2 protein chains.
Amino acid sequence: MASKSPSSHPTLNEAESATRERILLEAARLFRHHGYAATTLREIADAAHIKAGSIYYHFASKEEILGDVLDKGIQAVSDAVRERIEALPAGASFRDRIAAGIEGHLWGLLHNGDFTSANIRIYGQIPTSAKNRHRVVRRAYADLWDRLFEGAMASGELRSDSSAGVIRLFVLGALNWTVEWYNPQRGSFQDFSRQLTEIVFNGVLARETA
Amino acid sequence: MASKSPSSHPTLNEAESATRERILLEAARLFRHHGYAATTLREIADAAHIKAGSIYYHFASKEEILGDVLDKGIQAVSDAVRERIEALPAGASFRDRIAAGIEGHLWGLLHNGDFTSANIRIYGQIPTSAKNRHRVVRRAYADLWDRLFEGAMASGELRSDSSAGVIRLFVLGALNWTVEWYNPQRGSFQDFSRQLTEIVFNGVLARETA
DNA sequence: GTCTATACACCGATAGAC
DNA sequence: GTCTATCGGTGTATAGAC
């Protein structure tokens, strides 16, 4: 469903060369920690164990590297979410589908930290041209969540004193920021995911009835 | 309580010149939208209607501008939170104090968007030296919230199946991200703040009992 | 497919006139 | 307190050998 990286270079299909993949991996890491503008092609090349000029065999520009890094981040999260939702039984409630989506989102986010954090940290700062090219990918993913929350709102499973749009922005923002502070040494991913789902669903206050 | 901007230039006290303030305002806006490294002193100077060389009369370096922008962001939020909490009656519950803190945090955050968003967007990308200098200010603000959530945990007002630390990181992360999507044209600030407090306290699901 | 060498532009910062 | 002029360093990108 939908092709993966439309910006490949000379050859035909999407089998990425090892070097190209190494460039993207190191670029994502450097973009995440230093920002897009502050990261130089020389640094990326050093980290990928090639010389700066060689990058231009694999990419047409620094901005093309950026585009691929951003796309990969969204793709990883989107794939994980869809996979988990599709694994549910046909008549699953919106509550269960949202729970599956939260776990998938967190899994994709936290297991591809350099690509997803680069996305979150630098999207607001990249050139307009890059933002325009990338916007459609982000919009498609946001639509997926809008459908979940709007469905839950219509079925009465969601609180109705906020719009589905506000709830989506709030929940996804909260989840996304975990990539900045999640510490895998403080417990299992499963446990972390369950805690966050509980807080999102029922809030931080102690339940009065229970 | 505690002095405000320790990095002033030649004169004695904290009365900032209009030019200095204009530089900080434009720098915050540019840092927010383009990042720290991508923003040039020439751009800041243009926006402040002076020439690039003149900046060095007011600041010793680009990094000093950055430090002041970051400090101002935290200060604005911290002031708004403390003000609202101190206005509560003496024996107020932790629930009420956290609610007041959330409103203050959102108010300070959204009414100083360029300074606070600069903080959120670029803190992970700035030079280590700037991060070290700034860390103490952030830590002091985080401590304020840790005391609130740990008190609420001890008094039984907070859910106990997550640590107070995880709850603080989750809640503040969720609130902070609103600066990326809050739209004042979609309703009053008071209404927005109430909706978010409700979601943080009780979650996004419809209540079963009620 | 990777290298060396380099073109051309622009950066942060400084010096010194006014 | 702001200006002009400029230094030394470094950025992306390209050309062409291997």
Side-chain angles (χ1 to χ4, degrees), chain A residues 7-28 30-31 33-69 122 125-130 133, chain B residues 7-28 30-31 33-70 118 122 125-130 133:
Chain A
S7 56
S8 289
H9 215 49
T11 52
L12 340 126
N13 63 20
E14 53 183 76
E16 281 183 311
S17 79
T19 303
R20 192 187 152 93
E21 216 157 296
R22 220 166 53 239
I23 293 170
L24 287 174
L25 211 76
E26 300 297 340
L30 289 163
F31 290 165
H33 293 295
H34 302 151
Y36 173 64
T39 300
T40 69
L41 293 176
R42 294 190 228 276
E43 286 174 326
I44 297 174
D46 281 357
H49 303 114
I50 54 174
K51 301 296 172 186
S54 308
I55 290 182
Y56 286 87
Y57 176 80
H58 301 277
F59 297 91
S61 66
K62 187 183 177 185
E63 198 170 305
E64 188 182 303
I65 301 178
L66 172 65
D68 279 14
V69 166
I122 73 184
Q125 303 171 359
I126 60 180
T128 318
S129 49
R133 267 199 338 111
Chain B
S7 57
S8 290
H9 215 49
T11 52
L12 339 125
N13 64 17
E14 53 183 76
E16 281 184 310
S17 80
T19 303
R20 192 187 153 94
E21 217 158 295
R22 220 166 52 239
I23 293 170
L24 286 175
L25 211 76
E26 299 297 339
L30 290 163
F31 290 165
H33 293 294
H34 303 153
Y36 173 64
T39 300
T40 68
L41 292 177
R42 288 167 173 83
E43 285 174 325
I44 297 174
D46 280 356
H49 303 113
I50 54 175
K51 301 298 171 186
S54 309
I55 289 182
Y56 286 87
Y57 176 80
H58 300 277
F59 298 91
S61 67
K62 187 183 178 185
E63 197 170 305
E64 188 182 305
I65 300 177
L66 171 66
D68 280 13
V69 166
L70 296 181
I122 73 185
Q125 303 172 359
I126 62 181
T128 319
S129 49
R133 265 196 341 107

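Lettering follows sequence order; numbering is per chain, from 1. Here the structure is a predicted model, which is why all the values come from computation and not from measurement.
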Any side-chain heavy atom of [X] sitting closer than 4.5 Å to one from [Y]?
| X | Y | value |
| --- | --- | --- |
| A:Leu30 | A:Tyr36 | no |
| A:Ile126 | B:His34 | no |
| A:Gln125 | B:Gln125 | yes |

query = Does A:Gly53 or B:Glu63 map to a spot on DNA chain C nearer the 5' end, using the closest nucleotide for each?
reply =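 It is A:Gly53 whose nearest nucleotide is closer to the 5' end.
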
What's the [atom1]-[atom2] distance between [X] and [N], to the nearest Å?
| X | N | atom1 | atom2 | answer |
| --- | --- | --- | --- | --- |
| B:Tyr57 | D:dT4 | OH | C1' | 19 Å |
| A:Arg20 | C:dT2 | CZ | C1' | 17 Å |
| B:Leu66 | C:dG12 | CG | P | 13 Å |

Go through [options] for me and flag the one nearest to the [X] side chain.
| X | options | answer |
| --- | --- | --- |
| B:Ile50 | C:dA13, D:dC3, D:dA13 | D:dC3 |
| A:His58 | C:dT2, C:dC11, D:dA13 | C:dT2 |
| A:Ser54 | D:dA13, D:dT2, C:dT2 | C:dT2 |
| A:Lys51 | D:dG11, C:dA13, C:dC3 | C:dC3 |
| A:Tyr56 | C:dA13, C:dT2, D:dT14 | D:dT14 |
| A:Arg42 | C:dG12, D:dA13, C:dA13 | D:dA13 |

query = Closest heavy-atom contact between A:Lys62 and A:Thr39?
reply =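 For A:Lys62 and A:Thr39, the tightest heavy-atom pair comes out as NZ-O, 2.8 Å.
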
task = Check whether any side-chain nitrogen or oxygen of B:Thr19 sits under 4.0 Å from OP1 or OP2 of D:dG1, and answer yes or no.
result =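 Answer is no, no contact under 4.0 Å.
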
task = Please state whether the phosphate of D:dT12, meaning OP1 or OP2, lies under 4.0 angstrom from any side-chain nitrogen or oxygen of A:Lys62.
result =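 True: A:Lys62 side-chain N/O within range (under 4.0 Å) of D:dT12 OP1/OP2.
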
